[in-house]
Participant: 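First the structure, which I've put down as structure tokens, then a few questions once you've had a look.
Small disclaimer: the values here were computed from a predicted structure and weren't measured.
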Amino acid sequence: MKVTSGVGGWPGTVGEQAQRAEAAGYDIIGCGELSHDSIVTMTLAAAATEKIGIQTSVTIAFPRSPFVLAMQSWDIQQLSNGRFTIGLGSQVKGHNVRRFGGTWSPPGPRMREYIQMMRAVWDSWQNGTRPEFLGKHYTYTLMTPNFNPGPLDCGLPKIGLAMVGPVMARVAGEVADVIMPHGGIMSDRYMREVLLPSVRAGLLKSGRTWDDIEINSSGYLIMGENDSEIEQSIEAMRTPLSFYGSTRTYHKVLALHDLEELGLKLHALSLNGKWEEMRETVQPDDILKLAQTCT
């Protein structure tokens, strides 16, 4: 097992954060992509460290072209001497269209092609193969010497894939190196009954086994030395649960725990920007239903 710590925030602080995590003995440092760019963050982390693994958790894929992200990953892999994992996430339709100004299509098939094209780009750089990737969503048929950075001596970057639903889990099992169940709301029961069987189906489709992938799991811990501290931890959980629970992507998880009605209420409140009311809608018993078996 490897233990991951996070870095993030304004770029000027990332290098120091990464060095502290490396000195503390963490195996991997990761970063999200909320209000700062994950590629910039990981470039700075790579430059400031020597041994620790670096991984985006996650980089939002669809607003970027697969070629652009393949190039950025190639450079960070060289800079870090082989320590980089590019963790991809699809985000939901609303953010892709209304925040990033992009397009939307069924994310599972599109993500499969996205990763396949990234690998095709890397193959042409590493092994000199002709660029001949033709998909429904992405095409890669041109590479000239001026735009070819050449091979790496440190191996290819790894590709991780975040997932919440069974379709993306199957895609992850089929084409990703690192399986990344999204920790926003992820219970042990949902992992065992829904996600892992779907990952296995993807592995079987691609002729791979569990030995060919890594599983990177995250979540929330409710901890305390007494009842008062535990109650405070549960209280703090109301905010993230209300945020993630308002997204219909997570309603599959809530429904498995008989909390689908809660998800519908949170979604309706989010459409009207009632963020504080969303938090108050989540009750401690709702949190405990998930936390009793949280990964």
Participant: Just verifying a value: how many Å separate Glu276 CD and Thr239 OG1, rounded to the nearest 0.5 Å?
Facilitator: 7.0 Å
Participant: Kindly give the heavy-atom pair with the smallest separation between Trp10 and His36, and that separation in Å.
Facilitator: CE3-CE1, 3.3 Å
Participant: If Ile, Leu, Val, Met, Phe, Trp and Tyr residues are connected whenever their side-chain heavy atoms lie under 4.5 Å apart, and connections chain through other members, are Phe243 and Val58 in the same group?
Facilitator: no
Participant: Considering non-hydrogen atoms only, spot the tightest contact between Trp122 and Ser73 and give its length.
Facilitator: CZ2-CB, 3.8 Å
Participant: Step through the shown structure and confirm whether more than 12 heavy atoms of other residues, nucleotides or ligands are within 6.0 Å of CG on Leu34.
Facilitator: no
Participant: Describe, in one word, how the ring planes of Tyr140 and Phe67 are oriented to each other, choosing from parallel (under 30°), tilted (30 to 60°) and perpendicular (over 60°).
Facilitator: tilted
Participant: If you apply the rule side chain to side chain contact (heavy atoms under 4.5 Å, CB included), what do you find for Gln78 with Asp75, and how did you get there?
Facilitator: CA-CA 5 Å; Gln78 191 279 333; Asp75 285 345; 5.7 Å; no
Participant: Taking atom CE of Met191 and atom OG of Ser217, what is their separation to the nearest 0.5 Å?
Facilitator: 4.5 Å
Participant: Please answer whether the main-chain N or O of Ser270 pairs with a side-chain N or O of Trp275 as donor and acceptor at a distance below 3.5 Å.
Facilitator: no
Participant: Assess the pair Tyr190 and His257: is the distance between their ring centroids shorter than 6.0 Å?
Facilitator: no
Participant: Using the side chain to side chain donor-acceptor pair (under 3.5 Å) definition, which of the options Arg98, Lys93, Arg99 pairs with His95?
Facilitator: Arg99
Participant: Take Arg119 and Asp177 through the test salt bridge (charged side-chain N to carboxylate O under 4.0 Å, His left out) and record every step on the way to the result.
Facilitator: CA-CA 12 Å; Arg119 295 196 190 283; Asp177 301 305; 3.2 Å; yes
Participant: Do the side chain of His251 and the main chain of Gly245 share a donor and acceptor less than 3.5 angstrom apart?
Facilitator: yes
Participant: Roughly how far apart are Ser90 OG and Arg110 CZ, rounded to 0.5 Å?
Facilitator: 9.5 Å
Participant: Search all heavy atoms of Phe62 against all heavy atoms of Pro107 and return the closest pair with its distance.
Facilitator: CZ-O, 3.7 Å
Participant: What pairs of donor and acceptor atoms, side-chain ones from residues 144-167 against any protein atom, are under 3.5 angstrom apart with sequence neighbours left out?
Facilitator:
residue : atom : partner : partner atom : Å
Asn148  : OD1  : Gly150  : N            : 2.8
Lys158  : NZ   : Glu214  : OE2          : 2.4

Participant: A quick test of your reading: do over 12 heavy atoms of other residues, nucleotides or ligands sit less than 6.0 Å from CG of Asp227?
Facilitator: no
Participant: Taking atom types as modelled and ignoring hydrogens, do the side chains of Arg279 and Ser242 form a donor-acceptor contact shorter than 3.5 angstrom?
Facilitator: no
Participant: Are Met111 and Trp104 in one and the same hydrophobic cluster, where Ile, Leu, Val, Met, Phe, Trp and Tyr link if side-chain heavy atoms are under 4.5 Å apart?
Facilitator: yes
Participant: Are Phe84 and Leu79 packed together at the side-chain level, in the sense that at least one heavy-atom pair is separated by less than 4.5 angstrom?
Facilitator: no
Participant: Does Ser65 reach the main-chain N or O of Val68 with its side chain, forming a donor-acceptor pair under 3.5 Å?
Facilitator: yes
Participant: Does a sphere of radius 6.0 Å around CZ in Arg64 hold more than 12 heavy atoms from other residues, nucleotides or ligands, not counting ones at 6.0 Å or beyond?
Facilitator: yes
Participant: Looking at Glu16, I'd like to know if its CD atom is crowded, meaning that more than 12 non-hydrogen atoms belonging to other residues, nucleotides or ligands lie closer than 6.0 Å.
Facilitator: no
Participant: Going by the rule salt bridge (charged side-chain N to carboxylate O under 4.0 Å, His left out), which residues pair with Arg238 if we only count those two or more places apart in sequence or in a different chain?
Facilitator: Glu235, Glu280
Participant: Rounded to the nearest 0.5 Å, what separation is found between the NZ atom of Lys274 and the CG atom of Leu266?
Facilitator: 13.0 Å
Participant: Kindly give the heavy-atom pair with the smallest separation between Thr56 and Ile86, and that separation in Å.
Facilitator: OG1-CD1, 3.5 Å
Participant: Test Thr103 against Val97 for side chain to side chain contact (heavy atoms under 4.5 Å, CB included), laying out the working first.
Facilitator: CA-CA 6 Å; Thr103 61; Val97 175; over 6 Å; no
Participant: Taking Gln19 for its side chain and Thr49 for its backbone only, find out whether a donor-acceptor pair lies under 3.5 Å.
Facilitator: no
Participant: With the side chain counted from C-beta on, respond yes when Leu134 and Thr141 share a heavy-atom pair under 4.5 Å apart, and no when they do not.
Facilitator: yes
Participant: Using only atom types and a distance under 3.5 Å, with no angle test, would you say the side chain of Asp212 pairs donor to acceptor with the backbone of Thr209?
Facilitator: yes
Participant: Are the side chains of Thr247 and Tyr250 in touch, meaning some heavy atoms are under 4.5 Å apart?
Facilitator: yes
Participant: Examine Ile215 and Val171 and state if one hydrophobic cluster contains both, with Ile, Leu, Val, Met, Phe, Trp and Tyr joined whenever side-chain heavy atoms are less than 4.5 Å apart.
Facilitator: yes
Participant: Check step by step if side chain to side chain contact (heavy atoms under 4.5 Å, CB included) holds for Ile76 and Ile54.
Facilitator: CA-CA 9 Å; Ile76 299 176; Ile54 51 178; 4.0 Å; yes
Participant: What's the shortest heavy-atom distance between Glu33 and Ile39, and which atoms?
Facilitator: OE2-N, 4.5 Å
Participant: So with a 6.0 Å cut-off around NZ of Lys265, is the heavy-atom count from everything else above 12?
Facilitator: no
Participant: Report yes if the side chains of Gln126 and Trp74 come closer than 4.5 Å at any heavy-atom pair, otherwise no.
Facilitator: yes
Participant: Check for me, please, whether Ile28 and Tyr26 land in the same ILVMFWY cluster - side-chain distances under 4.5 Å, paths through other members count.
Facilitator: no
Participant: Between Glu174 and Arg112, is there a donor-acceptor pair closer than 3.5 Å when you use the side chain of the first and the backbone of the second?
Facilitator: no
Participant: With a 3.5 Å distance limit and no angle check, can you tell me whether Ser206 reaches the backbone of Leu203 through a side-chain donor-acceptor pair?
Facilitator: yes
Participant: Is there a side-chain contact between Val199 and Trp210, using heavy atoms and a 4.5 Å cut-off?
Facilitator: yes
Participant: For side chain to side chain contact (heavy atoms under 4.5 Å, CB included), just list the numbers for Gln116 and Tyr138, CA-CA rounded to whole Å, side-chain angles, deciding distance to a tenth of an Å, and then say yes or no.
Facilitator: CA-CA 9 Å; Gln116 289 170 336; Tyr138 300 105; over 6 Å; no
Participant: How many angstroms lie between CE in Met117 and CZ in Phe133, if you round to the nearest 0.5 Å?
Facilitator: 7.5 Å
Participant: Does any part of the side chain of Thr41, heavy atoms only, come nearer than 4.5 Å to the side chain of Val7, both counted from C-beta?
Facilitator: yes
Participant: Is the side chain of Arg248 donor-acceptor paired with the backbone N or O of His267 at a distance under 3.5 Å, no angle test?
Facilitator: no
Participant: Looking just at side-chain N and O atoms, do Ser38 and Thr59 make a donor-acceptor pair shorter than 3.5 Å?
Facilitator: yes
Participant: Where the side chain of Glu22 meets the backbone of Ala18, is there a donor-acceptor pair that is under 3.5 Å apart?
Facilitator: no
Participant: Is it the case that the side chain of Asp286 and the backbone of Gln283 share a donor-acceptor pair, with hydrogens and angles ignored and the cut-off at 3.5 Å?
Facilitator: yes
Participant: Which heavy atom in Ala268 sits nearest to a heavy atom in Asn272, and how many Å separate them?
Facilitator: O-ND2, 3.3 Å
Participant: Taking the side chain as C-beta and beyond, is there a heavy-atom pair between Gln55 and Ile29 under 4.5 Å?
Facilitator: no
Participant: More than 12 non-hydrogen atoms from neighbouring residues, nucleotides or ligands closer than 6.0 Å to CZ on Arg192, yes or no?
Facilitator: no
Participant: State yes or no: do Leu264 and Leu254 share one hydrophobic cluster built from I, L, V, M, F, W and Y residues joined by side-chain heavy-atom distances below 4.5 Å, directly or via other members?
Facilitator: no
Participant: Compare all side-chain heavy atoms of Ile115 with those of Leu88 and state whether any distance is below 4.5 angstrom.
Facilitator: yes
Participant: How long is the straight-line distance from CD of Gln17 back to OG of Ser5, given to the nearest 0.5 Å?
Facilitator: 8.5 Å
